[in-house]
Amino acid sequence: MTSFMASPTISTISRASFPATTSLSSFSHNRSGRPTYPGSWVDQVNWIPGDVFYANWDDVLVGTTAVVSTLGGFGSEEQMLRINGEANVVAVNAAKDYGIPKFILISVHDYNLPSFLLSSGYFTGKRKAETEVLAKYPNSGVVLRPGFIYGKRRVNGFEVPLDLIGEPVERILRATENFTKPFSSLPASDLLLAPPVSVEDVALAVINAVTDDDFFGIFTIEQIKEAAEKVMAWSPLGTLLL
């Protein structure tokens, strides 16, 4: 059983991760609880409304073997430090204290940004969360660092097809990477050159992390893609996500 924790401003990846054809089940712990829009995948997730800072961990973590956190968001410096950093630290420590053997954090690529930009509350919070995961789970903690994640997302009841932008951009950047590689060392170059990542690939990388005990540490955009392809090769989820 795998527990998901997500901010209401960040989509969980439970839809793509653990459909009923696998031996894994999933929980989503978030402020809003069960989504109001329809979808067969919604019924495959156990929804627990709540706030990570005030969670009853006995309700959330009982029977859990791994925790996947998608907690994150934007706002003031203080808000970003709290949701990207402190909230994840709370979740990591709760999971560790509860004896959960694996913690997976969806973090963010640094885009080769200069240090003064990486010192913002958003990135500082993310890196604080990463440090906590790797400290508390040195031999099983997983940090995924995708860039822009695309897929279909619902905002205020409307579906936003981010894949219409993300998928062609990813294909173009991957097809031209031999030509653009010389520019990758330039500050902030990855804002233009880092390929987007599909939500399906992130989900498959999470599955790989949950099922493979040798999969731990920090994983880049390319390594996320490789992990996804590895799962595609052996799992029926590969065809379900296409």
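For this chain, numbers begin at 1 and follow the sequence in order. Note that this is a predicted model, so its numbers are computed, not measured.
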If you round to the nearest 0.5 Å, how far is [atom2] of [Y] from [atom1] of [X]?
X: N112; Y: L191; atom1: CG; atom2: CG; answer: 9.0 Å
X: F123; Y: L113; atom1: CZ; atom2: CG; answer: 5.0 Å
X: R127; Y: S119; atom1: CZ; atom2: OG; answer: 12.5 Å
X: D163; Y: I165; atom1: CG; atom2: CD1; answer: 9.0 Å
X: I221; Y: F148; atom1: CD1; atom2: CZ; answer: 12.0 Å
X: L105; Y: T131; atom1: CG; atom2: OG1; answer: 10.5 Å

Original post:
Angle class for the Y111/H109 ring planes (parallel below 30°, perpendicular above 60°, tilted otherwise)?
Top reply: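 Geometry flag for H109 against Y111: perpendicular rings.
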Provide the closest heavy-atom pair for [X] versus [Y] in the form atom of the first, atom of the second, distance.
X: L173; Y: P196; value: CD1-CD, 4.1 Å
X: I149; Y: I106; value: CD1-CG2, 4.5 Å
X: L61; Y: A94; value: CD1-O, 3.8 Å
X: E77; Y: G121; value: OE1-N, 2.8 Å
X: L144; Y: A205; value: CD1-CB, 4.1 Å
X: G125; Y: L81; value: N-CD2, 3.9 Å

Could you tell me whether a side-chain N or O of [X] sits under 3.5 Å from a main-chain N or O of [Y], the two making a donor and an acceptor?
X: N84; Y: M80; value: yes
X: T176; Y: F179; value: no
X: K96; Y: K136; value: yes
X: E170; Y: P195; value: no

Do you reckon [X] sits in the same ILVMFWY cluster as [Y], going by side-chain contacts under 4.5 Å, direct or chained?
X: V89; Y: L71; value: no
X: L192; Y: L118; value: no
X: Y150; Y: V160; value: yes

Subject >> Pairs flagged by side chain to side chain donor-acceptor pair (under 3.5 Å) wherever residues 137-149 is involved - sequence neighbours left out >> reply: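 Non-adjacent pairs meeting side chain to side chain donor-acceptor pair (under 3.5 Å): E130-R145.
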Find out whether [X] and [Y] are in side-chain contact, i.e. whether some heavy atom of one side chain is under 4.5 Å from a heavy atom of the other.
X: W57; Y: V52; value: yes
X: F215; Y: I104; value: no
X: D58; Y: Y98; value: yes

Original post:
Heavy-atom count around F53 CZ within 6.0 Å, excluding the residue itself: above 12?
Top reply: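 More than 12 heavy atoms, drawn from other residues, nucleotides or ligands, come within 6.0 Å of this atom.
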Original post:
Within a reach of under 6.0 Å around CG of L117, are more than 12 heavy atoms found that belong to other residues, nucleotides or ligands?
Top reply: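 Enclosed.
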Subject >> Distance-only polar pair, side chains of N93 and E132, donor-acceptor under 3.5 Å >> reply: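 Distance-only check passes for N93 and E132.
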Distance-only criterion, 3.5 Å: show the donor-acceptor pairs between side-chain atoms of residues 181-188 and protein atoms not counting sequence neighbours.
residue : atom : partner : partner atom : Å
S184    : OG   : K181    : O            : 2.7

Original post:
Among all residues two or more places apart in sequence or in another chain, which pass the side chain to side chain contact (heavy atoms under 4.5 Å, CB included) test with S115?
Top reply: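 Scan of S115 (side chain to side chain contact (heavy atoms under 4.5 Å, CB included), adjacent residues dropped) gives none.
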Subject >> Step-by-step side-chain contact (heavy atoms from CB on, under 4.5 Å) determination, L134 to I218 >> reply: CA-CA 9 Å; L134 298 176; I218 296 175; 3.8 Å; yes
**OP:** May I ask you to decide whether R171 forms a salt bridge with E167, counting only side-chain N to carboxylate O separations under 4.0 Å?
**Re:**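 Looking at E167 together with R171, the answer is yes, because their closest N to O distance falls below 4.0 Å.
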